[in-house]
Amino acid sequence: MTREHWGSRLGFILAAAGSAVGLGNVWKFPYLVGQNGGAAFVVTYLVLVLTIGATGMLAEMAIGRAAQKNPVGAFAALKGGFWPVTGYLGVICGFLILGFYSVIGGWTIAYTVKMLDGTLTAPGLDFAATFSSFVADPVEPLIYHAIFMALTVGVVLKGVSAGIERWNKILMPTLLVLLVVLIARAVTLDGAMAGVEFYLKPDFSKINADVVLAALSQAFFSLSIGMGAMITYGSYLTRDQNLPRSTVMVIGLDTGVAILAGLIVMPAVFAFGVAPGAGPGLTFITLPGVFQQMPGGTLFGAAFFLLLLFAALTSSVSLLEVPVAYLMDELKVSRRTAVWVLGGIAFLIGVPSSLSLGIWADFKLFGLPFLDLLDFITSKLIMPVGGLLMCLFAGWVVWPVMRREATNDGSVSFRLLPVWNWLLKVVAPAAIAWILIQGLIG
Ligand code: TRP
């Protein structure tokens, strides 16, 4: 079987950006900004993305393209020994994230439908109660979870260029258009400017260890690094792509979308006088309330949840592709079989995730409900450990291969090469080790 490849350079950029741009940007980033001091968090995040985030992203793309393999096969092909463990961690991680990501993906479908059918526009609605009774229902969220997973499976079944690339080329530009429309609405609301100021005028005294920690974990999650997703997408690249430039574009799109999503949420939240620090409920509880009071709110609300859906879908496709690539490369399974089996198992993992918000809330493992446990294991354990090992591997073990990939054998100039090497060897590992330790004791 010859390896599939992207059909065009732009196709790869959009697919990698589609992987990165997800719930992390539109749902998580704005509420983290609200909880962590506004613009000070935004600035901290930008600094970390441009240094450690870019370092990890470029290393993953380079490892994937050099090896032309899934994460496990890539570490085995480039070095072997203990290193494929890093790849296994990534494959398992993709799968576990998918097990709760698709549940939340299902909520975005549900909320798009509920915006349009009037459920969320009924006068006097208690949005918090509506949300908690929806997620706690033992049946309804599972139906939407199944629909979301079916969409993911449908795209991945078609393969790299006819499925993943094609859908990213449709969904990503649509998402950008929706973003612009929603920002235009949000910033022209009366009182929006207080939100813009909170969001963009930093008060540096608000930066502390917790803020840095939150920003660094968010950078990993949002850029989809530390678990082999960019290794997998990089493995479908041919030799001609300029990797440092691709890294800059993907990071630019991911960060741009996060910043713009905040520019929808923060002005709207301030204009209607609700608290910006509401946490994870900001998107599903606070915003529907804002849409209800806004002229044209039903349509803008539906557009917002559709945007969230598209962002989530292009990410879940990439989450599924990581273990699918592993089964196809290493166990010589057909794409069809791999996608159905893995999609099916991920759906099943989603069932206890969803029920853990309702009838199974009291059933805890290590003191956490199932969904929170999966989130903890993946973002606080596997992604930092995977990212740490990957940076050490790239910087110390296979640096000549990295140098060759980043410069296309010396034919493109990459002036930051020595800086990148130093970030890989020392700065990124030290910073990640710190998140890991803080995450465990915190
Ligand atoms: N980056 C995604 C988001 O912001 C989430 C994510 C983390 C992810 N790791 C991933 C997506 C790996 C695809 C592949 O929502």
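Both ligands and their constituent atoms are indexed starting at 1 by order of listing. All residue numbers refer to positions in the sequence shown, counting from 1.
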So, is A20 polar-close to ligand 1, with some N/O to N/O distance under 3.5 Å?
->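 By distance alone, the answer is yes.
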Decide whether an N or O pair under 3.5 Å exists between L23 and ligand 1.
-> yes
Looking at ligand 1, does S222 have a heavy atom less than 4.0 Å from it?
->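 Yes.
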Residue-ligand contact K28/ligand 1, heavy atom below 4.0 Å = no
When the ring planes of [X] and [Y] are compared, do they come out parallel, tilted or perpendicular, using 30° and 60° as the limits?
| X | Y | value |
| --- | --- | --- |
| F29 | Y199 | perpendicular |
| F41 | Y45 | parallel |
| F393 | W83 | tilted |
| H145 | F347 | parallel |

Any chance the side chains of S316 and T152 put a donor and an acceptor closer than 3.5 Å?
->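 Per modelled atom types, S316 and T152 side chains form a pair under 3.5 Å.
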Shortest non-hydrogen contact from V322 toward G228 | CG2-O, 4.2 Å
Provide, to 0.1 Å, the distance between atom 14 (C) of ligand 1 and the closest protein heavy atom, together with that atom's residue and name.
->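 The closest heavy atom on the protein side is S318 OG, 3.2 Å.
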Minimum-distance protein heavy atom relative to atom 9 (N) of ligand 1 | M227 SD, 3.4 Å
Option with minimal heavy-atom separation from atom 7 (C) of ligand 1, where the choices are F221, Y101, W27 | F221
Run the numbers for me: atoms of ligand 1, each under 4.0 Å from some heavy atom of [X], listed by number.
| X | value |
| --- | --- |
| S19 | 1 (N), 2 (C), 11 (C), 13 (C), 14 (C) |
| M383 | 7 (C), 9 (N) |
| A229 | 12 (C), 14 (C) |

Looking at the rings of W107 and F148, which for Trp means the six-membered one, are their centres under 6.0 Å apart?
-> no
Pick one: which of L307, L306, L308 meets side-chain contact (heavy atoms from CB on, under 4.5 Å) with T112?
-> L306
Heavy-atom distances under 4.0 Å are what count here, so tell me which part of S224 touches ligand 1: side chain, backbone, both or neither.
->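 Within the 4.0 Å criterion, S224 contacts ligand 1 through backbone and side-chain atoms alike.
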